[in-house]
Amino acid sequence: MTTKAIHKSNTSSAAHMIKRGISVGFPIMLGYLPIALTYGVLARQAGMSLTELTLMSVMVFAGASQFMGANMIAVGAGAVEIIVATFVLNFRHFVMSLSFMNRLRGIGRNWKVPLSLGLTDETFAVSSLHTKEAKMEKGVLFYTALILTAYFSWVLGSLLGGVLGEVIPEQLSQSMGIALYAMFIGLLIPSVKKEIRIGIIAIIAMLINTIFNQFMSEGWAIVFGTVLGGLSGVFLLKEDQS
């Protein structure tokens with residue numbers, strides 16, 4: 001095979017993988033856009049500028065953490081409180097990244113590291129269903145296209161939501177605050193259906209937050225509720241010893 005033919009084959013393979021990645025990531029994009037729009041509106045309502053809320057999506061790219069961060073900003077929480085709370089909430093990303101890197105053993109570290117930074121629950125779940133691409137020629141471009149499709153849809157949706165938050169009536173933007181609670185309930189219910197003890201952990205976290213909120217700032221109450229509630233899961237979810 002000539003050099004020209006090899007180059008043409010590689011180009012065709014790369015284009016094919018990119019198209020597949022975008023195609024697989026398209027449903028994620030459709031799911032992200034309305035949530036990102038809601039985040040943008042709520043972030044504006046919390047007092048964040050259009051630049052700030054967009055940069056948060058660019059640099060954080062974690063829906064639950066961004067919703068919580070916007071809410072904590074709205075109640076006047078400090079930077080340390082927000083960082084600690086989001087770190088605990090996103091700790092699962094360490095596990096997802098290690099699993100993702102282990103699956104892509106044939107791909108160099110210079111690809112693994114940036115790709116792992118773009119993982120979310122949705123992109124991780126979808127990529128877990130497409131393991132064969134990791135062994136295919138130019139397979140890394142499949143995962144790159146998948147993650148970038150989700151990433152840019154989230155950033156663009158956040159930006160549009162921020163713009164929308166400046167023009168829609170205040171009463172309507174305030175009513176969208178229910179989306180924050182709806183999102184977390186939506187994340188919680190499927191887990192509770194599988195394991196009732198997860199519901200107990202959520203209740204413990206809420207009680208801790210309510211109690212601590214009586215004698216400290218709301219931001220630190222959220223932090224302690226998240227941390228201590230999560231620690232209770234170490235004992236409640238411990239496998240029964242045979």
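Treat the numbers as computed from the prediction; the structure is a model and nothing was measured.
Annotation: the span from S97 atom OG to K112 atom NZ amounts to 12.0 Å, rounded to 0.5 Å. Here M68 contributes atom CE and N90 contributes atom CG; the two are 7.5 Å apart, rounded to the nearest 0.5 Å. Note that the CG atom of D121 and the CE atom of M96 stand 4.5 Å from one another [nearest 0.5 Å]. Taking CD1 of I196 as the start and CD1 of I201 as the end, the distance is 11.0 Å to the nearest 0.5 Å. To the nearest 0.5 Å, atom CD1 of residue I147 and atom CZ of residue F100 are 4.5 Å apart. If you take CD on E52 and CD1 on I73, they are separated by 7.5 Å, rounding to the nearest 0.5 Å.
No chain of hydrophobic side-chain contacts below 4.5 Å, direct or via other Ile, Leu, Val, Met, Phe, Trp or Tyr residues, connects M206 to M72. In terms of hydrophobic clustering, with Ile, Leu, Val, Met, Phe, Trp and Tyr side chains grouped at heavy-atom distances under 4.5 Å, F26 and L37 are assigned to different clusters. Connection of M59 to F152 is established within a shared hydrophobic cluster, with ILVMFWY side chains joined at heavy-atom distances below 4.5 Å, either directly or through further cluster members. Cluster membership for F124 and L98, using ILVMFWY side-chain heavy atoms within less than 4.5 angstrom, is not shared. By the criterion of side-chain heavy atoms lying less than 4.5 angstrom apart, applied directly or through intervening Ile, Leu, Val, Met, Phe, Trp or Tyr residues, F142 is not grouped with M101; the two fall into different hydrophobic clusters.
Scanning all heavy atoms of the two residues, the minimum distance from L50 to V163 falls at CD1-N, 3.7 Å. Residues M29 and S153 share a closest heavy-atom pair of CG-CB, 3.1 Å. Listed here is the closest heavy atom pair of T123 and A150: CG2-CB, 3.7 Å. Looking at every heavy atom in both residues, S57 comes nearest to Q66 through OG-NE2, 2.9 Å. Nearest approach of A70 to A43, heavy atoms of both residues: CB-CA, 4.2 Å.
Between L160 and L33 the shortest side-chain heavy-atom distance does not fall below 4.5 Å. Put simply, the side chain of Y143 does not reach to within 4.5 Å of the side chain of W111, judged on heavy atoms. A 4.5 Å side-chain heavy-atom check between F67 and I35 finds at least one atom pair inside the cut-off. L53 places a side-chain heavy atom less than 4.5 Å from the side chain of Y39. With contacts defined as side-chain heavy-atom distances shorter than 4.5 Å, the pair I28/T149 does not qualify.
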- [ ] Go through F212 and L228 one step at a time and tell me if the side chain to side chain contact (heavy atoms under 4.5 Å, CB included) criterion holds.
- [x] CA-CA 11 Å; F212 277 60; L228 297 179; 4.0 Å; yes
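Proximity of a side-chain donor or acceptor of Y32 to a complementary backbone N or O of Y151 within less than 3.5 Å is not detected. In this structure, T54 contributes its side chain and T51 its backbone to no donor-acceptor pair below 3.5 Å. The backbone N or O of V41 sits nowhere less than 3.5 Å from a side-chain atom of Q45 that would complete a donor-acceptor pair. Panel note: side chain S23, backbone K19; no donor-acceptor pair is recorded below 3.5 Å. At least one donor-acceptor pair closer than 3.5 Å links the side chain of S116 to the backbone N or O of V113.
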